[in-house]
Amino acid sequence: MMIYDEFIEKFRTLQHLVILTGAGVSAESGIPTFRDALTGLWAKHDPYKLACAEGFVADPALVWGWYEWRRKKVLRASPNPAHITIAQLAQRIPKLTLITQNVDDLHERAGSQNVIHLHGSMHNPRCFKCSQPYIYPDEIDDDFDDSIPEQRIPPPRCNQCGDVIRPGVVWFKEQLPALDFNLAEVACTEGDLLLVIGTSGMVYPAANLPHLAHQAGIPVVEINPNIDSFNSISDFHISGKAGKILPLLYQAAFEDLAN
Ligand code: OAD
């Protein structure tokens, strides 16, 4: 088990930092997580209706409307200090691989580049049948009523084959994008340290990545206000909100050096 000073020292000399984020990294931007009690999306909505292909086939307008509700929330939100610090870390550390399970674009809007999106993106929908990408019309943030999460909005139609457009996210029982997952696996066996931020570790195969790093002898450090399923393999757990902890960590590792 590492101690804090040892961790900060290791952090200063990293050549390749790997970061895996989950819904917790966007929580302080006002985006709900999935499994936090009471506030989590799966505490209020049924994933079997809203997050699998069968649910979409049964009621496309309900599923499309729910993702539109989530997308509008994200469009109206801003990156928080956790997203911003991760983007700043990429300027300080020779190599940073950022892997996210999130389907929002808050890492990108904070300035992170080449983000590996294991679960796709709610901003890149495509045709359900032929996979032709769908481009949203230019939109000004309109008067979409985001107080109603489950509202039926018929999905647009594909301009190539006429079938329905589906959200660009990975649903339950679907495969992760192979290339992205492969890049993530390689990073988790080659990096100097894996920082796991704001994920419960309940969804596989993404949740396997910290185990892979641990098996490869790479230290696994967590930032999470709660104890999650990686507790047994993590070398160090920093208990707290990512938006508070990450700026402190950055300061301790890089700014205190200047004084
Ligand atoms: P979860 O909702 O399962 O877990 C969120 C984690 O974030 C929990 O461990 C919280 O303790 C932690 N957390 C909450 N607030 C935080 C904060 N401010 N700072 C740091 N951590 C915080 O979300 P994920 O693990 O991301 O899949 O869920 C994994 C996948 O399950 C998602 O990608 C989604 C969902 O079904 C798909 O959509 C395919």
Side-chain angles (χ1 to χ4, degrees), residues 1-28 33 81-102 107 110 112-119 176 180-257:
M1 185 62 88
M2 269 184 192
I3 57 166
Y4 182 72
D5 288 350
E6 218 181 297
F7 168 58
I8 295 297
E9 205 41 55
K10 169 117 192 129
F11 212 78
R12 280 192 184 123
T13 56
L14 287 174
Q15 293 299 305
H16 182 187
L17 171 63
V18 185
I19 299 182
L20 172 66
T21 64
V25 83
S26 296
E28 289 154 87
T33 63
H83 300 108
I84 293 166
T85 306
I86 291 170
Q88 286 169 341
L89 283 170
Q91 309 296 318
R92 298 299 294 243
I93 298 171
K95 184 171 179 189
L96 188 148
T97 303
L98 176 56
I99 308 160
T100 189
Q101 297 164 87
N102 297 346
H107 280 307
S112 287
Q113 291 174 357
N114 303 320
V115 185
I116 300 175
H117 279 272
L118 294 180
H119 293 163
L176 269 55
D180 296 279
F181 191 63
N182 190 256
L183 287 170
E185 283 185 311
V186 170
C188 286
T189 55
E190 286 183 348
D192 302 332
L193 187 132
L194 173 64
L195 204 52
V196 179
I197 307 171
T199 174
S200 61
M202 302 290 282
V203 175
Y204 283 81
N208 204 38
L209 293 169
H211 293 275
L212 199 66
H214 179 66
Q215 281 154 17
I218 293 164
V220 176
V221 174
E222 285 182 277
I223 300 177
N224 198 314
N226 300 304
I227 298 293
D228 60 43
S229 58
F230 302 122
N231 196 39
S232 63
I233 57 156
S234 51
D235 294 80
F236 195 56
H237 181 114
I238 308 178
S239 184
K241 294 184 173 185
K244 183 152 179 249
I245 300 294
L246 278 164
L248 290 174
L249 172 60
Y250 185 92
Q251 193 183 8
F254 300 114
E255 288 177 355
D256 289 356
L257 275 181

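Below, each value reflects all heavy atoms present in this structure, side chains not excepted, and no hydrogens, waters or symmetry copies. Residue indices begin at 1 and follow the sequence shown.
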What distance do Leu176 atom CG and Ile116 atom CD1 have between them, rounded to the nearest 0.5 Å?
11.5 Å
Shortest non-hydrogen contact between Pro81 and Gly243, atoms and distance
CB-O, 3.4 Å
Output the distance between atom CD1 (Ile8) and atom CD (Gln251), rounded to the nearest 0.5 Å.
10.5 Å
Determine whether Ile93 and Gln15 make a side-chain contact, defined as any pair of heavy atoms from C-beta on separated by less than 4.5 Å.
no
Minimum heavy-atom separation for Ala207 to Gly201, with atom names?
CB-O, 3.5 Å
Does Thr21 form a side-chain contact (heavy atoms from CB on, under 4.5 Å) with Ile99? I'd like the steps, not just the answer.
CA-CA 6 Å; Thr21 64; Ile99 308 160; over 6 Å; no
Does the side-chain contact (heavy atoms from CB on, under 4.5 Å) test come out yes or no for Val196 and Ile223, once each step is laid out?
CA-CA 6 Å; Val196 179; Ile223 300 177; over 6 Å; no
Once side chain to side chain donor-acceptor pair (under 3.5 Å) is applied, do any residues pair with Thr85, and if so which ones, sequence neighbours excluded?
none
Can you check whether Ala253's main-chain N or O pairs, donor with acceptor, with Arg92's side chain at less than 3.5 Å?
no
So which pairs with a foot in residues 189-199 pass side chain to side chain donor-acceptor pair (under 3.5 Å), sequence neighbours left out?
Gln101-Thr199
Is there side-chain contact between Ile3 and Phe236, with heavy atoms separated by less than 4.5 Å?
no
With side chains defined as the heavy atoms from C-beta onward, is the minimum distance between Phe7 and Leu249 less than 4.5 Å?
yes
Give me the one residue out of Asn208, Val220, Ile218, Leu194 that meets side-chain contact (heavy atoms from CB on, under 4.5 Å) with Cys188.
Leu194
CG-CD1 distance between Leu98 and Ile86, expressed to the nearest 0.5 angstrom:
6.0 Å
Please test Leu248 against Leu246 for side-chain contact (heavy atoms from CB on, under 4.5 Å), starting from the C-alpha separation and ending with a verdict.
CA-CA 5 Å; Leu248 290 174; Leu246 278 164; over 6 Å; no
Quick one about Ser112 and His83 (side-chain donor to acceptor, distance below 3.5 Å, no hydrogens or angles considered), yes or no?
no
Side-chain contact test, heavy atoms from C-beta onward, threshold under 4.5 Å: evaluate it for Lys241 versus Glu28 and give yes or no.
yes
How far does CG of Leu96 sit from NE2 of His16, to the nearest 0.5 angstrom?
7.0 Å
Is any side-chain heavy atom of Phe11 less than 4.5 Å from a side-chain heavy atom of Leu17?
yes
Which heavy atom of Tyr204 sits nearest to which heavy atom of His211, and what is that distance?
OH-NE2, 3.9 Å
Would you name the heavy atoms of Val25 and Ala82 that are closest together and state the gap between them?
CG2-CB, 3.8 Å
Which pair of non-hydrogen atoms, one from Leu118 and one from Ala206, has the smallest distance, and what is that distance?
CD1-CB, 3.8 Å
I'd like to check the side chain to side chain donor-acceptor pair (under 3.5 Å) partners of Asp180; sequence neighbours left out, ordered by chain and number.
none
Given 3.5 Å as the limit, does a donor-acceptor pair link the side chain of Glu222 with the main chain of His237, or not?
no
Where the side chain of Thr100 meets the backbone of His117, is there a donor-acceptor pair that is under 3.5 Å apart?
no
Mind running side-chain contact (heavy atoms from CB on, under 4.5 Å) on Phe230 and Asn224 for me, showing each step along the way?
CA-CA 11 Å; Phe230 302 122; Asn224 198 314; over 6 Å; no
Give a yes or no answer on whether the side chain of Thr13 reaches the backbone of Lys10 with a donor-acceptor pair at less than 3.5 Å.
yes
Shortest non-hydrogen contact from Ser200 to Met202?
OG-CG, 3.1 Å
For a 4.5 angstrom cut-off between non-hydrogen side-chain atoms, does Leu195 reach Val18?
no
